[in-house]
Trainee: 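First the structure, which I've put down as structure tokens, then a few questions once you've had a look.
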Amino acid sequence: MDIVEFGRKAGATSGSTDCASCELRASEERYRNLIQYLPTALWQVDSRRMTAIFDQLKASGVRDIAAYLDQNRDLVRHAGHVVHVTEVNRDAVSLFRANNPADLLKPIQYLFAAAPGLAKRVMAAHFEGRRNFIEETRILTFDGTMIDVLFTVTYPRPPEQLDTTFVTMQDISERLNAEKQLRKLQADFTHAGRIATLGELATSIAHEINQPLAAIVMNGETNLRWLARPNQNTEKVTELTSRIVSNARRASEIIHRIRGMAAKQESEKRLIELNEIIEEALLFIRHDIESKLITLSTTFRPGLPRVMGDRIQLQQVIINLLVNSVQAITQSGQPTRRIDIETSIDEEGSVVFSVFDNGPGIAEADLKHIFDSFFSTKDAGIGIGLAICQSIITAHGGSISGSNRANGGAHFRFTLPAPTVAGTDSGVVDFTRQTHQPI
Ligand SMILES: Nc1ncnc2c1ncn2[C@@H]1O[C@H](COP(=O)(O)OP(=O)(O)OP(=O)(O)O)[C@@H](O)[C@H]1O
Ligand SMILES: [Mg+2]
């Protein structure tokens, strides 16, 4: 319209009467060129026959066109025949693998050959008076190729006299392929990530159940020796067997907890007494300590505030630290072998666990690496024990550290925050109980 108006004005100033028609021709030429060279496949469609049918349906009270078309499928087929393509551009010819535009100037049903349901949706949008319809879909070209396209329809609107519908299609197969490859790449990465996590999981489980498994073997072998004696000692055999059972249970609980940690499940935190947790942990490792002729002393601060913690996980930390101390002491070949365990409260009110040993201590250069995963100075070490301890303690809101003692040996310590409660839950009594256990 604007172009025609502009043309008329231009014609008027030139004063030529032929100019109106020549400008009109020029305008039509520009319009054709625009359509022909538009960098997208375009169909000009005459949908007047359907507009007339829709008007009748509306007059007879049809409102829900989708439901109506479901019941009157013939109307969809009919539309495919009576709506005609009147013009196409070069891109449409090449998209449909046609030889020339004439191949495409026919009833539009061929546009919907690969997408059942699309014709119905296009009709519904027309009926509802929408201006545009847009959908990612597929077409079947004349040489049998399926192509993914972005299919858009622009409907005429009264009072537009031309009553011409435009269909455009953009080949999006490359974009979809790229997206598919990207999704596959992402899936591969996730898979690789999962395998890495599985590796970590297997390493952690192997490390943590090593101790209960060793205890089971040791108790089982002692049990067998007792059973081989002529005079049966039922009490001893029962004790050893129950140790085997509780170590096996512990191994299974450890697996459960580590799987939970890997799956990022919330750990089973309850209000617990640290001193009790240590006593329980010692039940599992005392035998190992005894067999290495190490003297163990415990100094429990009475009336420690209770802390929120996962019993099994905190026992894992205590046992890992004690196993390290046992290994350090036995490697060092010290004549006197000692491990001292202490609990206390620090200035911030946190509960503190400390273990001191009289092994060789930690080389100065190694101090900053000992909590790294896979850092180990032992021939048979994985280097995961302290990393596990750190992740458990951090998940409990506490901190863990290792240092050397002034007079030799190592000191490991972790703190756990005590929940702030009104009153004096921490009610610290000023005495310590010292239990030296000659082993
Ligand atoms: N009590 C200790 N005395 C001296 N060095 C220690 C002590 N505890 C830990 N270390 C040092 O820290 C390193 C890391 O300990 P960590 O428990 O993470 O691994 P690891 O004991 O070597 O192997 P594993 O994975 O079997 O536990 C040890 O190899 C050792 O060098
Ligand atoms: Mg270790």
Side-chain angles (χ1 to χ4, degrees), residues 1-5 7 21 24-25 27-38 40-93 95-96 98 100-135 137 139-140 142 149-170:
M1 277 292 250
D2 280 354
I3 296 168
V4 176
E5 284 286 327
S21 65
L24 187 63
R25 244 180 288 124
S27 156
E28 277 173 0
E29 189 63 28
R30 277 197 292 267
Y31 171 73
R32 270 224 165 77
N33 276 341
L34 180 74
I35 287 185
Q36 274 310 313
Y37 297 102
L38 205 67
T40 187
L42 185 131
W43 283 253
Q44 190 174 302
V45 174
D46 179 353
S47 58
R48 276 174 294 182
R49 297 276 293 276
M50 281 321 292
T51 311
I53 294 175
F54 285 161
D55 287 345
Q56 279 172 21
L57 289 177
K58 282 177 191 161
S60 64
V62 173
R63 294 284 169 271
D64 184 351
I65 187 68
Y68 182 87
L69 292 176
D70 279 341
Q71 284 158 12
N72 299 277
R73 291 180 180 267
D74 280 353
L75 184 56
V76 181
R77 268 190 293 278
H78 181 67
H81 293 299
V82 299
V83 175
H84 271 259
V85 176
T86 52
E87 190 153 354
V88 292
N89 70 357
R90 298 176 333 153
D91 275 21
V93 175
L95 182 68
F96 259 81
N100 52 62
D103 293 347
L104 303 179
L105 305 182
K106 54 184 184 178
I108 54 156
Q109 58 185 357
Y110 71 92
L111 297 186
F112 308 111
L118 176 62
K120 195 189 94 180
R121 291 190 290 279
V122 169
M123 286 170 78
H126 186 184
F127 181 92
E128 286 159 9
R130 301 216 317 249
R131 190 63 169 151
N132 293 299
F133 171 88
I134 185 159
E135 188 172 303
T137 186
I139 52 163
L140 180 64
F142 293 161
V149 292
L150 184 70
F151 188 105
T152 66
V153 185
T154 307
Y155 303 97
R157 245 201 204 157
E160 291 167 16
Q161 293 305 308
L162 289 168
D163 205 7
T164 299
T165 300
F166 287 106
V167 174
T168 65
M169 291 188 215
Q170 234 172 330

Trainee: Spell out, as yes or no, whether a donor-acceptor pair under 3.5 Å connects the side chain of Asp103 to the backbone of Ala98.
Mentor: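 Not at all, since once roles are kept as given, no pair shorter than 3.5 Å links the two residues.
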
Trainee: Could you state the interatomic distance from OH (Tyr68) to OG (Ser60), rounded to the nearest 0.5 Å?
Mentor: 6.5 Å

Trainee: Side chains of Phe151 and Ile134: closer than 4.5 Å at any heavy-atom pair?
Mentor: no

Trainee: Please find the pair of heavy atoms, one from Ala115 and one from Thr137, that lie closest to each other, and give the distance.
Mentor: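 Answer, listing the atom of Ala115 first, then Thr137: CB-OG1, 3.2 Å.
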
Trainee: If I take atom CD1 from residue Ile35 and atom CD from residue Gln44, how far apart are they, to the nearest 0.5 angstrom?
Mentor: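 Rounded to the nearest 0.5 Å, the CD1-CD separation comes out at 5.0 Å.
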
Trainee: Applying side-chain contact (heavy atoms from CB on, under 4.5 Å), run through Met169 and Ile139 and close with a yes or a no.
Mentor: CA-CA 9 Å; Met169 291 188 215; Ile139 52 163; 3.6 Å; yes

Trainee: Check whether Lys120 reaches the backbone of Arg73 with its side chain - one donor and one acceptor, N or O, closer than 3.5 Å.
Mentor: no

Trainee: Using 0.5 Å steps for rounding, measure from the CD1 atom of Ile65 to the CZ atom of Arg121.
Mentor: 14.5 Å

Trainee: Where the side chain of Asn72 meets the backbone of Leu75, is there a donor-acceptor pair that is under 3.5 Å apart?
Mentor: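 No; zero donor-acceptor contacts below 3.5 Å.
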
Trainee: Of the non-hydrogen atoms in Pro156 and Thr165, which two are nearest, and what is the gap between them?
Mentor: CD-OG1, 3.3 Å

Trainee: What closest approach, in Å, do Thr86 and Val45 show between heavy atoms, and which atom pair accounts for it?
Mentor: OG1-N, 4.1 Å

Trainee: Taking the side chain as C-beta and beyond, is there a heavy-atom pair between Ile53 and His78 under 4.5 Å?
Mentor: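 The answer is yes; the side chains approach within 4.5 Å.
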
Trainee: Taking the side chain as every heavy atom from C-beta outward, state whether Leu42 and Val88 have any pair of such atoms under 4.5 Å apart.
Mentor: no

Trainee: As an exercise, state the distance from CG of Leu118 to CG of Leu111, rounded to the nearest 0.5 Å.
Mentor: 8.5 Å

Trainee: Would Phe96 and Trp43 satisfy ring pair (Phe, Tyr, Trp, His ring centres under 6.0 Å), going step by step from the backbone distance to the final call?
Mentor: CA-CA 12 Å; Phe96 259 81; Trp43 283 253; 5.6 Å; yes

Trainee: Would you give the length of the straight line joining atom CZ of Arg30 to atom CZ of Arg25, rounded to the nearest 0.5 angstrom?
Mentor: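 Reported value, rounded in 0.5 Å steps: 12.5 Å.
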
Trainee: Indicate the ring-plane relationship of Phe142 and Tyr110, choosing parallel, tilted or perpendicular according to the 30° and 60° boundaries.
Mentor: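 Phe142 and Tyr110: tilted rings.
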
Trainee: How far apart are the closest heavy atoms of Lys58 and Arg63, and which atoms are they?
Mentor: O-NH1, 3.6 Å

Trainee: For the residue pair Val83 and Pro107, establish whether any side-chain heavy-atom pair is separated by less than 4.5 Å.
Mentor: no

Trainee: Verify side-chain contact (heavy atoms from CB on, under 4.5 Å) between Asn132 and Tyr155, making sure each step is shown before the conclusion.
Mentor: CA-CA 6 Å; Asn132 293 299; Tyr155 303 97; 5.8 Å; no

Trainee: Could you go through Thr168 and Thr152, starting from their C-alpha distance and side-chain angles, then the distance that decides it, and tell me whether this counts as side-chain hydrogen bond (donor to acceptor under 3.5 Å, both in side chains)?
Mentor: CA-CA 5 Å; Thr168 65; Thr152 66; 2.3 Å; yes

Trainee: Taking the side chain as everything from C-beta on, heavy atoms only, tell me whether Met123 gets closer than 4.5 Å to Phe54.
Mentor: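 In contact.
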
Trainee: Are the side chain of Asn89 and the backbone of Thr40 linked by a donor-acceptor contact shorter than 3.5 Å?
Mentor: yes

Trainee: Kindly compute the distance separating CG (Leu95) from CZ (Arg90), expressed to the nearest 0.5 Å.
Mentor: 13.5 Å

